[in-house]
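Numbering of residues begins at 1 and proceeds along the displayed sequence. Only this structure's heavy atoms are used, side chains among them; waters, hydrogens and symmetry mates stay out. Note that the coordinates shown come from a computational prediction; the quantities given were computed from them, not determined experimentally.
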Amino acid sequence: MVEEVVTTESANSITSAAEAAGESIIQQTSTFLNWVKGFLTWDNLFKLIGALLFIFALWVIYKLVLKALKKIPPEKTTPHRQMIIGRIIKYCFYVIMVMYVLSLFGVKLSAIWGAAGIAGVAIGFAAQTSVSNLISGLFVLTEGSLKVGDLIIVGDVTGIVDSINLISVRVHTLDNEMVRIPNSTIINANLMNKSYHSKRRLTLSVSISYDTDMAKALETLAKAPGLCPTVLQTPEPAVWFDGFGDSGINMTVAVWFKPDDFLKTKNDLYIAIKKVFDKAKIEIPFNQLDVQIKK
């Protein structure tokens, strides 16, 4: 009898809990539906349609501007400058879109700007490095000292530029490893851009024996650049003596070439120097060690 009473009380308790949960769900559902009904007014509907039409029109204008930017002749601009203008247009598009939608639904922009100012100060103290990279990124983008595809050297990093962003520059090394260089590092360090100019100069050193006719050696070495197809004739190649070394007379040859032809020019020039010296029977000396054994 006691067990039946306990079972009945448990069943009543479960039933009451289920009814309470059901009433809570119904109440929450009713509250949500009332909120939806209150939101779905003609005024808000017109605002939503107007916002969508404005965003669509703004998106069409944004795409047309980008399309017109790509049609600018190469002689009037550069890909790097097009990239900067494109990103500025992109940021302006998002800012205008967000501000318009917020103002449409009654959000006060003055309060947002005030909060953004306070948050900006707080974030500035908390993330000084990121802010420094951001400001440096503006200088990197506008300075024009590098562009995508350039071979650059920053500190101990040598690589080809893949992208130029507001925070960092990404390059891949000659071993195809990705390296991220903070913009503040680029601004504060010495940047060497191997691709900035359309022409580069290569200088190679070679020695000749002290027994060699120096005039003949100068004339012979001057023939080597002519055997290299990638060597430019303007400016003309140059050869000169560069001092008396321990094992021979030092000479230097300098040639100009296009940056993309660096490796081929260097290899061809070494081969050409050896070829013209062998033909003229001019010896390239090397260090020798004489050993004498005394009995």
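Within the model, atoms NZ of K258 and NZ of K199 stand 9.5 Å from one another, a figure rounded to the nearest 0.5 Å. Here the CD1-CZ distance, from I61 to F56, works out to 10.5 Å after rounding to the nearest 0.5 Å. Atom CZ of R200 is separated from atom CG of D260 by 10.0 Å, given to the nearest 0.5 angstrom. Here the OG1-CZ distance, from T185 to R180, works out to 9.0 Å after rounding to the nearest 0.5 Å. Atom OG1 in T158 sits 8.0 Å away from atom NZ in K194 (nearest 0.5 Å). The CD1 atom of I208 lies 10.0 Å from the CD1 atom of I284; values are rounded to the nearest 0.5 Å.
With sequence neighbours left out, the side-chain hydrogen bond (donor to acceptor under 3.5 Å, both in side chains) criterion links N267 to no other residue. Take S207 and apply the side-chain hydrogen bond (donor to acceptor under 3.5 Å, both in side chains) test, not counting sequence neighbours, and it matches N250.
At least one side-chain heavy atom of L227 sits less than 4.5 Å from a side-chain heavy atom of V276. With a 4.5 Å cut-off on side-chain heavy atoms, L191 and I152 count as touching. Between V231 and W256 the shortest side-chain heavy-atom distance does not fall below 4.5 Å. Using a 4.5 Å heavy-atom cutoff, the side chains of V179 and R170 are not in contact.
Closest approach of P225 to V253, counting heavy atoms only: CG-CG2, 3.9 Å. Residues V255 and P237 approach most closely at CG1-CB, 4.0 Å, considering heavy atoms. The nearest pair of heavy atoms linking L202 to K266 is CD2-CA, 3.7 Å. Taking every heavy atom of both residues into account, S168 and N183 meet most closely at N-ND2, 3.2 Å. Nearest heavy atom pair, residue M251 against residue F241, reads CG-CD2, 3.7 Å. Considering all non-hydrogen atoms of both residues, A272 and C228 come closest at CB-SG, 4.0 Å.
Under a hydrophobic clustering in which Ile, Leu, Val, Met, Phe, Trp and Tyr are joined whenever their side-chain heavy atoms come within less than 4.5 Å, directly or via other members, L269 and F277 fall into the same cluster. When the side chains of ILVMFWY residues are joined at heavy-atom separations under 4.5 Å, either directly or via intervening members, Y270 and V239 end up in a single hydrophobic cluster. Residues I186 and V157 share a single hydrophobic cluster, defined by chaining ILVMFWY side chains whose heavy atoms lie under 4.5 Å apart. No continuous path of hydrophobic side-chain contacts links I160 to V169 [ILVMFWY only; heavy atoms under 4.5 Å]. Under the 4.5 Å side-chain heavy-atom criterion for ILVMFWY residues, no single connected hydrophobic cluster contains both I153 and L146.
In this structure a side-chain-to-backbone donor-acceptor pair under 3.5 Å is present from N193 to S195. A donor-acceptor pair is defined here as one N or O able to donate and one able to accept, closer than 3.5 Å; such a pair exists between the side chain of S209 and the backbone of D211. A donor-acceptor pair under 3.5 Å links the side-chain atoms of D213 to the main chain of A215, judged by distance alone. In this structure, the side chain of K63 does not engage the main chain of L58 through any donor-acceptor pair within 3.5 Å.
One finds a salt bridge joining D150 and K147 here, because a Lys/Arg side-chain nitrogen approaches an Asp/Glu carboxylate oxygen to under 4.0 Å.
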What verdict does the side chain to side chain donor-acceptor pair (under 3.5 Å) test give for T252 and T203, after you've listed the backbone C-alpha separation in whole Å, the side-chain angles of each residue and the deciding distance to 0.1 Å?
CA-CA 7 Å; T252 299; T203 58; over 6 Å; no
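Taking the six-membered ring where tryptophan is involved, the planes of F262 and F257 are tilted, since the angle between them lies from 30° to 60°.
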